[in-house]
Amino acid sequence: MILELRNRAARLLPEGRLLPEAVWQRRHRAIVRLCLVSAALLVLFGWLRGYGQPAAVAILVAVAGPGLLATLTSLGRKGQAAATTVSLMAASVALVHLWQGVTESHFIFFVMVGVVSLYQDWVPYGIALVMVILHHGVVGTLYPHVVFSHDALHNPWFWAGIHGAFVLAASLAHLAAWRLNEDQVLSDPLTGLANRTLLEEITHRVLQRGGAVSVLFIDLDDFKGVNDSRGHAAGDELLLVLAERLGACVRPGDVVARIGGDEFAVVVNGGPDVAKAIGERVLISLAVPVPLDDGTVTVHGSVGVASSEDSGDRTAGALLRNADLAMYLAKAQGKNRLVSYADGMAEAARRRADLAQDLARAADSGQLAVHYQPTVRLTDGRTTGFEALVRWNHPDRGLIPPVEFIPLAEETGAITGIGRWVLSEALRQGAEWTATTGTPLRMAVNLSPRQFQDGDVVADVVAALEETGFPAGQLTLEVTEGVLVRDVDAVVAQLEALRTLGIRIAIDDFGTGFSGLSYLRHLPADIIKIDRSFVSDLPTGRSATTLITSIVELARTLGLDVVAEGVETEDQRQALRELDCAQAQGYLFARPEPADRCGSSLPGSVAALTARIPAQAGVPAVERLEGSPAA
């Protein structure tokens, strides 16, 4: 009961920022030194005033004693601050007694209140207030002429209250200055929510109270596209709306913070079940379209949840880190979902971070290689070109699957440099094969959405063409439908500039993403590549047959060529021929291989290529990844 009353009383008091440990220790050491110096000066002052040894001993016990006690770290912050406050207040009492009630001696109380305010804690204020009232009331009653020099001696408790009120006013003034200064650095200037610093301190404070505590990390999915396509003013307007929605999703006592450009967090007084319920409300709330001045925007979020009950480490840092890890896993699993922290995530994140560092150095250290998969004409089986696919041979882990390192490269931005390197290598090899065979072979290279965002795609392509001498008319650049969702006009402009050079544009993995007739009507595309997920159902899947027939007819109407991906069986090849699909690629014809092993796929080697078909039939197609220049 007493503990509960104490906690309720503590919650009524406004709480400010907890000082960093190093700052608090520096201030505390300075205040301890002041306590000891005050004791020495008061002994000297008493001797000058004619007081003897008993007074000196009393001063040392009352002032120096608590000051020395404050050096014990086992007392904790509050205990050490309480000890120095008792010492400084005792020094003020001693000065009043040594000076026999001179009014000016009372000013030292206000000086000492200012000193203990450096702790930025309620404990010193409370001790100072209690000691002033008790001293002026009790001692003022017993020795009125020592404490007061006016008619206060007739009513000491009344004047004790007056002095206490002044000390309280001084304390509140210091507190107000403390909190006002903090408000300037502990709140987000756009939304007014708590910032990361305050979030960490609130989490630490709530954990100290005991009980279950949870944290939600919320990252807005693809928010950068809003800023890029609509401008930062629209992005800020959207953030304000979403901040209000987050505040409406939580309970009284929970704290919402904005910790980055598009990242928010919530500190929840409760266990994982409570936090998950709030997280589900957040996902639903975020998905509601937001009307802006220039149209409606719909955004989603990825939410990571961690609770103090998840692990034995009940620290703010561990709780925030675990929630952050869970949020990144939600992103990796497809976004717009909630993931709770589980043991092992930290180790997986460490491995992922190590892999990201290795990936940044992979191209320069010769760990990357380009493999080539032929595109085949279905009517006669002849190779019409190749698609360049990057592979990573890690020095310690061996061959890293594209499905593992391509998303990581996209996330870190390394894909831009990798894509530029793949383009240069592929065009150099294409130029060499064209010169060797005397046949103008086409070379297809994938472009990542990140390359359109972070770099100058047109300038990179032009530079690679000039460096290698590869004809622009033989180059095909493949983009996934996902690249078209973000800032369509800017992407279309870049693709149009590439087409003016004679380069062909292919829509890769067609049918799996966001594109539809409205996109195809505006896109500067030349080729549609049918995704392997449709081809795999041939020839028995009626829906797949209908969809591919529709895609082929649509392409013919728009004047586009069609390439089917992932052909693995002779039945699939035959079905595609009957559906009038002109070209295909897949394991039935050849695996992606290094350049020195692609001789059988080059024009003039049709017999050798045909002989390989039975051995390759039925091999699972898992080599490519949507949206990458590499997979």
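The analysis underlying the following values was restricted to heavy atoms, covering all of them including side chains, and did not include hydrogens, waters or symmetry mates.
- Across all their heavy atoms, T480 and P449 have their closest contact at OG1-CG, 4.4 Å.
- Between the S448 side chain and the R450 main chain, a donor and an acceptor come within less than 3.5 Å of each other.
- A 4.5 Å side-chain heavy-atom check between Q572 and E568 finds at least one atom pair inside the cut-off.
- A donor-acceptor contact shorter than 3.5 Å links the side chain of R258 to the backbone of G260.
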Test side-chain contact (heavy atoms from CB on, under 4.5 Å) on V370 and W421 and set out the steps. CA-CA 10 Å; V370 180; W421 179 83; 3.7 Å; yes
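- Checking side-chain atoms of T375 against main-chain N and O of F386 turns up no donor-acceptor pair under 3.5 Å.
- Within the 3.5 Å criterion, the main-chain N or O of L441 finds no donor-acceptor partner in the side chain of T439.
- The side-chain heavy atoms of I527 and V563, taken from C-beta on, include a pair separated by under 4.5 Å.
- By the 4.5 Å heavy-atom criterion applied to side chains, D358 and H394 are counted as neighbours.
- Across C581 and L378, no two heavy atoms sit closer than the pair O-CD1, 3.1 Å.
- D537 places no side-chain N or O within 3.5 Å of a backbone atom of A544 that could act as its donor or acceptor partner.
- Here D219 does not pair with K335 in a salt bridge; the nearest charged N to carboxylate O distance is not below 4.0 Å.
- T191 contributes no side-chain N or O that, together with a main-chain N or O of D188, makes up a donor-acceptor pair within less than 3.5 Å.
- For the pair N322 (side chain) and A318 (backbone), a donor-acceptor distance under 3.5 Å is present.
- Residues V305 and V339 form no side-chain contact, since every pair of their non-hydrogen atoms from C-beta on lies 4.5 Å or further apart.
- Ion pairing between R397 and E404 holds under the 4.0 Å rule for side-chain N and carboxylate O.
- Checked by atom type, the side-chain pair Q585/Q373 shows a donor-acceptor distance below 3.5 Å.
- In this structure, the side chain of Q451 does not engage the main chain of L447 through any donor-acceptor pair within 3.5 Å.
- In this structure a side-chain-to-backbone donor-acceptor pair under 3.5 Å is missing from R597 to H371.
- Inter-residue side-chain proximity for R504 and D561 is flagged as met; some heavy-atom pair is nearer than 4.5 Å.
- The shortest distance between side-chain heavy atoms of N393 and R391 does not fall below 4.5 Å.
- Ion pairing between K529 and E565 holds under the 4.0 Å rule for side-chain N and carboxylate O.
- Of all the heavy atoms in L198 and A194, the pair that sits closest is CD2-CB, 3.6 Å.
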Determine whether Q494 and F452 satisfy the following criterion, side-chain contact (heavy atoms from CB on, under 4.5 Å), listing intermediate values before the conclusion. CA-CA 8 Å; Q494 294 179 75; F452 284 92; 3.7 Å; yes
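- Rounding to the nearest 0.5 Å places CG of L465 at 5.0 Å from CD1 of I503.
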Yes or no on side-chain hydrogen bond (donor to acceptor under 3.5 Å, both in side chains) for R442 and T476, after CA distance, side-chain angles and deciding distance? CA-CA 7 Å; R442 300 202 63 82; T476 298; 3.2 Å; yes
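- Residues L588 and V376 fail the side-chain proximity criterion, which asks for heavy atoms closer than 4.5 Å.
- Taking the six-membered ring wherever Trp is involved, the centroid distance between the rings of W433 and F470 does not fall below 6.0 Å.
- For the atom pair D508 CG and L477 CG, the distance stands at 12.0 Å (nearest 0.5 Å).
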When you look at V303 and L283, which way does the side-chain contact (heavy atoms from CB on, under 4.5 Å) test go after all the steps? CA-CA 8 Å; V303 181; L283 289 177; 3.7 Å; yes
Assess whether side-chain contact (heavy atoms from CB on, under 4.5 Å) is satisfied between L355 and L359, documenting all intermediate values. CA-CA 6 Å; L355 198 64; L359 183 59; 5.7 Å; no
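- What you find for S302 and M327 is that their closest heavy atoms are O-CG, 3.5 Å.
- Taking CZ of F223 as the start and CG of L238 as the end, the distance is 5.0 Å to the nearest 0.5 Å.
- The pair D262-K224 does not meet the salt-bridge criterion, since no charged nitrogen lies less than 4.0 angstrom from a carboxylate oxygen.
- In summary, D354 and R351 do not engage in a salt bridge, as defined by a charged side-chain N under 4.0 Å from a carboxylate O.
- Residues L199 and F264 are not in side-chain contact: their nearest non-hydrogen atoms beyond the backbone lie 4.5 Å or more apart.
- D531 and S533 are linked by a side-chain donor-acceptor pair at a separation below 3.5 angstrom, with hydrogens and angles left out of the test.
- Atom-to-atom distance recorded for K331:NZ and L329:CG is 12.5 Å, nearest 0.5 angstrom.
- In this structure, L246 CG and I218 CD1 are separated by 5.0 Å, a value rounded to the nearest 0.5 Å.
- Annotation: the span from R420 atom CZ to D456 atom CG amounts to 9.5 Å, rounded to 0.5 Å.
- The two residues V390 and P402 have their closest heavy-atom pair at O-CG, 4.5 Å.
- R245 places a side-chain N or O within donor-acceptor distance of the main-chain N or O of V288, the cut-off being under 3.5 Å.
- N227 and G235 get closest at one heavy-atom pair: OD1-CA, 3.4 Å.
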